[in-house]
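Comments concern the structure below.
Chain A is the first sequence line, chain B the second, and so forth, proteins listed ahead of strands; every chain is numbered from 1.
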Number of protein chains: 2
Amino acid sequence: MSVTSFDVARLAGVSQATVSRALRDMRGTSEATRRRVREAARQLGYVPRQTARSLATSRTRRIGVVIGELGNPFYAALLDPLIARLHERGYLAVVVHDDDVSELDCEPLLDGSLDGAVLATVRAGSAAPEELGRRGVPFVLVNREQAGKWGDVSVADNRAGATLAAELLLGLGHRRIGMIGGPPDTSTARARTEAFRDALAAAGVALSPGLVVHGAFDLATGSDGFDRLMGAPRPPTAIFCANDVLAIGALHRARSSGVDVPSQVSVVGFDDIPLASLAQIGLTTVSADLRTMAVTAVDLLLERLADPALGQRRVLHAATLVRRATHAAAP
Amino acid sequence: MSVTSFDVARLAGVSQATVSRALRDMRGTSEATRRRVREAARQLGYVPRQTARSLATSRTRRIGVVIGELGNPFYAALLDPLIARLHERGYLAVVVHDDDVSELDCEPLLDGSLDGAVLATVRAGSAAPEELGRRGVPFVLVNREQAGKWGDVSVADNRAGATLAAELLLGLGHRRIGMIGGPPDTSTARARTEAFRDALAAAGVALSPGLVVHGAFDLATGSDGFDRLMGAPRPPTAIFCANDVLAIGALHRARSSGVDVPSQVSVVGFDDIPLASLAQIGLTTVSADLRTMAVTAVDLLLERLADPALGQRRVLHAATLVRRATHAAAP
DNA sequence: GTGAAAGCGCTAACAT
DNA sequence: ATGTTAGCGCTTTCAC
């Protein structure tokens, strides 16, 4: 078929094994033969077959990235630095689409075609971490986490972040506060909702059940949630959204229904995705530093590949408040 | 190491070859043994090694997707349906990052680890198409194209789209019109700019060189371009942007510099990325139907894998005008 | 420093 | 219908 290391060997007048060694600059090959081999390889346009190499070494230099719909700007914002970092460190990203509703098919992660995996969409009931752990596939959880004895973790300090949001709104004099939460089986939605509720409670403010809605982390949930909250008998003067996508959905509906933000109602998000900083949006939000979170996840995983004996690690990224244009004092 | 088809064979009391056949439901295996083999495989948690399979068959069920920074919402909007479609058809996407400035490293596309490639970022001088073509790696160009004797093509009808934009603005009475173009070595920027210029000329309106700026397809170029155009001695009353990202950058600057769109200046984009339809943006643009373009690209490629003798094909997707809130009659 | 040879775990052609 | 055997194209001992 196409050109193999045997062809290169023949042209260079050496054995196939020497070609293999020379091309990988292994010690135990003279500079002279290296040059001859390299020249022969160049002449023939030889590219080592990765599949053969993988079969022989059990390493593929490919990492699986399990992530949701990229139409969701949050996932796009997360995937970007993941891919960039993997690329920098000499790995290719194999994207495994997880629609976040049907159970993930783990087989592509277990068939030996990957050196490890980055899981960005685990839920409370996800089987993948347990499955990968038992089979010895190294992985890291990013963004969302799940208790378990395997896998490193790189997540935002969601509790601290939600507390910052609560303190901002309380400081602005808000007392009737609503929340648009995410899926309760995600660690992010859970931690953010609970910490926000706790922080309000600490100030003697209740997060009234009638002013809390839940749904998927998407624009529609944000829009509909905004409607529901503002349609309540006594609507809130501020809304905390469990992530930016929800918040942007809420702002969308605010605009189309003639509610002014922030004079009538404040809106605060979480994540600080790139969209949030667009002039037209100017969302006040909690920054989780997505880029650092992603880079850390990749680094944790690659360190583990280098040293499988490493203990389980969990990196919590500090959250900071980003004040833009969607918050104001309570009316 | 881990469990192989030999282990399954031993447990099921058959030969390894029979395991291979049974698990793939090949004709020439009795239903009884299939059941036994499947049961043994289940018991052992056997997953066929993809690398071994690939080495034996020269097929990997993986497609490379060469694409730019996903921080750019256009690429995210394009990658989403590409991945989804590949997934639907049983393929995994291996994302090969192309930073759009340094020369792409083709090796991952040539090392036999991919059945084919989708190229989304070709430029006039890109070597990849020629390289892949010569080596017999099937590929498809999506979004941007390049002349050449290999590879199928799935692109928008950029000329027709730009003509629609010109007609819209002319119809609104604009005569002093500016343009923010993209990189001149991309087929999209080129076709859109030229067709726009031609359409204006046909109406006796000149696209004055002083009112045309070029740059990368990013927000910064849109912002800076807007500044430059509006700072001209006689600023335009309408600006056509070669894509939505540029247009959103322009809108961003318009807002922060107190220029009202569309009463003072109209802005029209191209692509209709999801962002364009956000209420806060409401960009009037030309829809290229990204999703269909992506799905078509994948289908063209997979058809070619099934039948390599197929002639070269080029699918042009109709462009339509999407009227939102950034266009108005000339002041 | 280099060559010979034995795998890696499958698929597929060839027997039976 | 099933077993035997020969690859696929590398990496990696083990000799020399």
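Ranked by how close their nearest DNA chain D nucleotide is to the 5' end, A/V19 and B/T57 are led by B/T57. If B/M26 and B/A52 are placed on DNA chain C by their nearest nucleotide, the residue sitting closer to the 5' end is B/A52.
When each of D/dT2, D/dT11, C/dG9 is scored by its nearest atom to the side-chain atoms of B/T18, the top-ranked nucleotide is D/dT2. Counting only heavy atoms from C-beta on, A/Y46 has its side chain closest to D/dC10 among D/dT4, D/dT12, D/dC10. Taking the side chain of A/R49 as heavy atoms from C-beta on, and the options C/dT2, D/dT5, D/dG9, the nearest nucleotide is D/dG9. Checked against D/dG9, C/dG1, D/dC10, the side chain of A/S30 finds its nearest nucleotide in C/dG1. Checked against C/dA4, D/dC10, C/dA12, the side chain of A/S15 finds its nearest nucleotide in C/dA4. For A/R24, whose side chain is taken as the heavy atoms from C-beta onward, the closest listed nucleotide among C/dG3, D/dT12, C/dC10 is D/dT12. Comparing atom distances between the B/T33 side chain and each of D/dT13, D/dC10, D/dT2 picks out D/dT2 as nearest. When distances are taken from the side chain of A/R21 to each of C/dG9, D/dG3, C/dT2, the shortest belongs to C/dT2.
As a whole-Å value, the separation of B/F6 CZ from D/dT5 P is 12 Å. Whole-Å rounding puts the B/D111 CG to D/dC8 C1' distance at 15 Å. Straight-line distance from the CZ atom of A/R61 to the P atom of D/dC10: 18 Å, rounded to whole Å. Distance CZ (A/R53) to P (D/dC8): 19 Å, rounded to an integer number of Å. In this structure, A/D7 atom CG and D/dC8 atom P are separated by 12 Å, rounded to whole Å. As rounded to whole Å, 11 Å separates atom P of C/dG9 from atom CD of B/Q16. Separating the CZ atom of B/R59 from the P atom of D/dC8 is a distance of 18 Å, rounded to the nearest angstrom. Atom CG in A/L23 sits about 16 Å away from atom P in D/dG9, given to the nearest Å.
The phosphate of C/dG9 (OP1 or OP2) has no side-chain N or O of B/T51 nearer than 4.0 angstrom. Residue B/S5 has a polar side-chain atom (N or O) positioned under 4.0 Å from OP1 or OP2 of C/dC10.
In this structure, A/R49 does not pair ionically with B/D111, as no charged nitrogen and carboxylate oxygen lie closer than 4.0 Å. Salt bridge annotation for B/R85-B/D80: absent, with no cationic side-chain nitrogen under 4.0 angstrom from a carboxylate oxygen. Look at A/E31 and A/R38 and you find a salt bridge, because one of the NZ, NE, NH1 or NH2 atoms lies within 4.0 Å of a carboxylate O, short of that distance.
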Stepwise salt bridge (charged side-chain N to carboxylate O under 4.0 Å, His left out) check, B/E39 with B/R36: CA-CA 5 Å; B/E39 174 55 21; B/R36 285 224 318 290; over 6 Å; no
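For the residue pair B/Q146 and B/P129, the shortest heavy atom distance occurs at OE1-CG, 3.2 Å.
Here A/S20 lies in heavy-atom contact (under 4.0 Å) with a base.
Side-chain contact between B/Y91 and B/D115 is present, with heavy atoms from C-beta onward closer than 4.5 Å.
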